There are 2 protein chains.
Amino acid sequence: MSGTDPVCTEPPPAATRCGPVGHALARVGRLHRIAMGRRLRELGLYPGQELMMMRLWDCGPVRQSELIQSLGLDPSTVTKMLQRLEQSGHVRRGPDPADRRAVLVEATERGQALRTGVEDAWKDLESLSLGGLSAADGAELSRLLGLVAENLREETEEADGCAPGATVC
Amino acid sequence: MSGTDPVCTEPPPAATRCGPVGHALARVGRLHRIAMGRRLRELGLYPGQELMMMRLWDCGPVRQSELIQSLGLDPSTVTKMLQRLEQSGHVRRGPDPADRRAVLVEATERGQALRTGVEDAWKDLESLSLGGLSAADGAELSRLLGLVAENLREETEEADGCAPGATVC
DNA sequence: AAGATTACCTTGGTCGGCCAAGGAATGGGT
DNA sequence: ACCCATTCCTTGGCCGACCAAGGTAATCTT
């Protein structure tokens, strides 16, 4: 048994006083990411990459810019992540014949093979997270998180529009 | 106006199907972190550092191990973060006379000066996040997040105990 | 048709965060 | 007293994620 484990967070600092919900949010988000990361490691992925792969499983070959927008990530983040995923053989990149500056991305067989594993991991973690909650509570939580997400999204976007014709898939 | 802004996330991938709540959680957590990071930048801090500082404001000089445990972070993370905070003058580190392998950490005046700014930022973001929610909804959200946190914490800790005598402060 | 603007991606740098491994100092068992 | 286990911290490596800046290609303007 390894003695001291990280991730304890028991008595959080007085951030609780200034932003109880925000603090709980940050805390839960981190715990969720860690728990997910643990499952992903057995699959050979790092946390964050699974969302990228999910996107690639759903859509076929996709433009990198599409990934950037749908995942809401910085372009440079996507570039580097794809470079690593390419090197680990999960992803293939090639030029877009229709636009020579664009890059088309798709999952390799090796990447496809992870699909059920990743989806199971998500389902597993989902049920674990909601353990002890009634279905009604789950729905309520989902609803409230949606509202908060909307509030935060507005501030983050700060006027833009998020091009409507983007849901290509 | 910078044209393309990241962070859009509009139609999330089919992760929604496998773990709607988990996905919303990850999403909101990230948005919250980004929004907080924006406020912190004006104060000269990076996201994550503010929790460390809050802990230091509450307690006086603290052992590094205390920070590790209370924030639930990896020891190496804390070491590096403190090195940077020290270099930016927000924090001072010195030897613990009672235990020569330990390190005592405390906030400098410069670090203290950020306190109200950070707390205001948290309050501000909190009210923004909860905009449009009734007080009852806020409480409900808090309660549900607490439950989920508990579920996730159990898995993350995986048997340990989190030494009860740790709430020194 | 030439020039300015945009869109698409890279590179380089910095941070938070994790893991693995290692060096000191303390403490417990015999 | 001695040695072994534990605790406390550091270093190095790797990723996700951000920003800033730059290079190439398409598009819009005039």
Side-chain angles (χ1 to χ4, degrees), chain A residues 1-7 26 29-31 33-38 40-41 44-52 62-69 71-88 93-105 156 163 166, chain B residues 1-7 26 29-31 33-38 40-41 44-52 62-69 71-88 93-105 156 163 166:
Chain A
M1 227 51 67
S2 52
T4 46
D5 58 357
V7 186
R30 200 167 70 80
L31 288 172
R33 189 180 180 83
I34 290 175
M36 196 63 210
R38 206 169 281 201
L40 288 174
R41 187 170 332 146
L45 288 180
Y46 288 86
Q49 298 184 334
E50 91 275 23
L51 293 174
M52 178 87 76
V62 195
R63 273 205 184 191
Q64 204 161 310
S65 62
E66 229 285 308
L67 293 172
I68 291 167
Q69 194 189 352
L71 296 178
L73 294 173
D74 188 90
S76 62
T77 300
V78 171
T79 293
K80 288 172 191 166
M81 205 187 296
L82 285 176
Q83 287 173 346
R84 285 162 188 149
L85 282 171
E86 188 174 30
Q87 193 164 9
S88 60
R93 298 197 300 168
D96 181 349
D99 188 337
R100 274 198 295 166
R101 52 200 167 142
V103 176
L104 285 184
V105 190
T156 303
Chain B
M1 227 58 64
S2 53
T4 45
D5 58 357
V7 186
R30 201 168 67 83
L31 289 171
R33 189 181 181 82
I34 290 175
M36 196 64 211
R38 207 168 278 203
L40 287 174
R41 188 171 328 149
L45 288 181
Y46 289 86
Q49 297 185 334
E50 91 275 24
L51 292 174
M52 178 87 75
V62 196
R63 274 209 185 185
Q64 203 162 311
S65 61
E66 229 284 309
L67 293 171
I68 291 168
Q69 194 189 353
L71 297 178
L73 295 173
D74 188 271
S76 62
T77 300
V78 171
T79 293
K80 289 173 189 163
M81 205 186 295
L82 285 176
Q83 287 173 347
R84 286 162 188 148
L85 282 171
E86 188 175 29
Q87 193 164 11
S88 59
R93 299 197 300 170
D96 181 349
D99 189 338
R100 275 198 294 167
R101 57 205 160 137
V103 176
L104 285 184
V105 191
T156 303

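Labels below follow one simple rule: chain letters A, B, ... track the order of the sequence lines, proteins then strands, and each chain is numbered from 1. The model shown is predicted, which means the values in this text are computed figures rather than measured ones. For the numbers below, each heavy atom of this structure counts, side chains included, while hydrogens, waters and symmetry mates do not.
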Side-chain donor-acceptor pairs under 3.5 Å in residues 76-85 of chain B, sequence neighbours left out?
unit_1	atom_1	unit_2	atom_2	d
B:Ser76	OG	B:Asp74	OD1	2.5
B:Thr79	OG1	B:Gln64	NE2	3.2
B:Thr79	OG1	B:Pro75	O	3.2

What I'd like to find out is whether the side chain of B:Pro47 reaches to under 4.5 Å of the side chain of B:Arg33, using heavy atoms alone. yes

In chain order, what residues pass the side chain to side chain donor-acceptor pair (under 3.5 Å) check against B:Ser88, with sequence neighbours excluded? none

Once you round it to whole Å, what is the distance between [atom2] of [N] and [atom1] of [X]?
X	N	atom1	atom2	result
B:Glu66	D:dT7	CD	P	16 Å
A:Leu67	C:dC8	CG	C1'	13 Å
A:Leu104	C:dC8	CG	C1'	12 Å
B:Arg63	D:dT7	CZ	C1'	9 Å

Among residues at least two apart in sequence or on other chains, which ones pass salt bridge (charged side-chain N to carboxylate O under 4.0 Å, His left out) with A:Arg93? A:Glu86

Close N or O pairs between protein and nucleotides 10-17 of chain D (under 3.5 Å):
unit_1	atom_1	unit_2	atom_2	d
D:dT10	OP1	B:Arg93	NH1	3.1
D:dT10	OP2	B:Gln64	NE2	2.7
D:dT10	OP2	B:Thr79	OG1	2.9
D:dT10	OP2	B:Arg93	NH1	3.4
D:dT11	OP2	B:Gln83	NE2	2.9
D:dG12	O6	B:Lys80	NZ	3.0
D:dG13	O6	B:Lys80	NZ	2.5
D:dG16	OP1	A:Gln49	NE2	2.5
D:dG16	OP2	A:Arg84	NH1	2.8
D:dG16	O3'	A:Arg33	NH2	3.0

Okay, side chain of A:Arg30, backbone of B:Gly72: is any donor-acceptor separation there less than 3.5 Å? yes

What residues form a side chain to side chain contact (heavy atoms under 4.5 Å, CB included) with A:Arg63, not counting sequence neighbours? A:Ser65, A:Glu66, A:Asp96, A:Asp99, A:Ala102, A:Leu104

Please list, for nucleotides 22-27 of chain D, all pairs of protein and nucleotide N/O atoms separated by less than 3.5 Å.
unit_1	atom_1	unit_2	atom_2	d
D:dA26	OP1	A:Arg100	N	2.9

Output the distance between atom CG (B:Leu51) and atom CG (B:Leu67), rounded to the nearest 0.5 Å. 11.5 Å

